[in-house]
Asks: 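Got a structure for you, written out below as structure tokens; questions coming shortly.
Atoms within each ligand, like the ligands themselves, are counted from 1 in listed order. None of the values given here were measured: they were computed from a predicted structure. Side chains included, hydrogens not; waters and symmetry mates left out as well; all remaining heavy atoms used. One-based numbering along the sequence shown.
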Amino acid sequence: MRNWKIAGLILCILAAPGFANLITNGSFELGNPSFNVYGFQSLSAPDNFTITGWTVSAGSVDYIGPYWQAAHGQRSLDLAGLYSNGTIYQTFPTTPGTPYQVTFALAGNPDVQPRTTSVQVWVSDGSTVFDSAVFNYTVNGQTRTSMGWVYVSWTFTAQSALTTLGFTGQDTYNDPTWAYSFGPALDDVRVTAIPEPATLALVGLGLIAAGFLRRRR
Ligand SMILES: [Ca+2]
């Protein structure tokens, strides 16, 4: 019976990588910001050193600290930084042909409302954006201490051994003073391989085998 339990645990361990988050610092908690007195820092492209694991590749984003409530941890992003919508991305290993699920927390800078803000999420094989989607979020009544974060998800199928996942602010509000400085808010980005039925079966078998012994003891 001991062998069943060991086999079960091994099956679970073998299958576990299919559920791991492939994104480094998806909650934006790691970095070396110099937050201003309001509790954020505007980053201009190119910037691949302020937020660990991420590159600001176009426009501007705000790295948000105490300025507003994060969805997870203490930090998040405004994808319209100073005067411009921005783009941020990260590259990670993938298996071509495998489907992946992207989930992230979405809200909107509440300083201008009501308005609807938008973010484009996209994936590239290094040279070409091969899939993308736009998510809209309506800001109406939220505050910096009650951001109204919602979790959304999207799936793509990898085309290459490395995939770049990016987020681009697409807010259309052009402020007379601040121009495009009020964008969609982003936090808690996760990417996981969508487990194949065989992987789920392995986990199930593993749990059954591991649990069988416990009941018999
Ligand atoms: Ca966070």
Side-chain angles (χ1 to χ4, degrees), residues 19-82 84-92 100-113 117-123 133-139 141-156 163-171 180-193:
F19 301 96
N21 185 11
L22 301 174
I23 294 296
T24 297
N25 193 28
S27 185
F28 310 110
E29 299 301 302
L30 305 176
N32 41 56
S34 299
F35 292 137
N36 60 22
V37 294
Y38 304 105
F40 67 89
Q41 180 185 5
S42 298
L43 308 179
S44 294
D47 182 325
N48 63 358
F49 47 87
T50 304
I51 307 176
T52 302
W54 294 91
T55 297
V56 180
S57 62
S60 174
V61 309
D62 285 332
Y63 193 11
I64 305 289
Y67 188 67
W68 68 44
Q69 169 202 40
H72 175 272
Q74 306 295 323
R75 297 174 179 175
S76 61
L77 300 183
D78 180 345
L79 288 174
L82 188 59
S84 173
N85 281 298
T87 294
I88 192 164
Y89 74 75
Q90 181 174 133
T91 301
F92 51 94
Y100 292 84
Q101 177 165 278
V102 180
T103 64
F104 56 94
L106 176 64
N109 185 325
D111 293 345
V112 172
Q113 55 177 297
T117 190
S118 303
V119 59
Q120 183 194 45
V121 54
W122 51 266
V123 280
V134 173
F135 290 85
N136 299 315
Y137 182 91
T138 298
V139 185
Q142 294 90 330
T143 65
R144 291 177 202 152
T145 54
S146 183
M147 287 288 287
W149 292 98
V150 296
Y151 277 82
V152 297
S153 65
W154 177 65
T155 61
F156 69 91
T163 296
T164 296
L165 172 71
F167 296 88
T168 298
Q170 294 192 331
D171 200 295
Y180 299 95
S181 296
F182 306 89
L186 177 70
D187 199 3
D188 207 6
V189 179
R190 297 169 184 271
V191 174
T192 55

Asks: Which of parallel (below 30°), tilted (30 to 60°) and perpendicular (above 60°) describes Trp122 and Tyr89?
Replies: tilted
Asks: Classify the ring geometry between Trp54 and Phe28 as parallel (under 30°), tilted (30 to 60°) or perpendicular (over 60°).
Replies: tilted
Asks: Work out which heavy atom in Gln142 is nearest to a heavy atom in Met147; give both atom names and the distance.
Replies: CG-O, 3.4 Å
Asks: Where is the tightest heavy-atom contact between Ala70 and Gly73, given as atom of each residue plus distance?
Replies: CB-O, 3.5 Å
Asks: To the nearest 10°, how many degrees is the angle Arg75 O to the Ca ion (ligand 1) to Glu29 OE2?
Replies: 90°
Asks: Among the N, O or S atoms of Asp187, which one sits nearest to the Ca ion (ligand 1)?
Replies: OD1
Asks: Regarding Ser27, does it place an N, O or S atom less than 3.0 Å from the Ca ion (ligand 1)?
Replies: yes
Asks: With the Ca ion (ligand 1) as the point of reference, which N/O/S atom of His72 is the closest?
Replies: O
Asks: Checking side chain to side chain contact (heavy atoms under 4.5 Å, CB included) against Ile23, which of Asp188, Thr192, Val189 comes through?
Replies: Val189
Asks: May I ask you to check if any N/O/S atom from Ala70 comes under 3.0 Å of the Ca ion (ligand 1)?
Replies: no
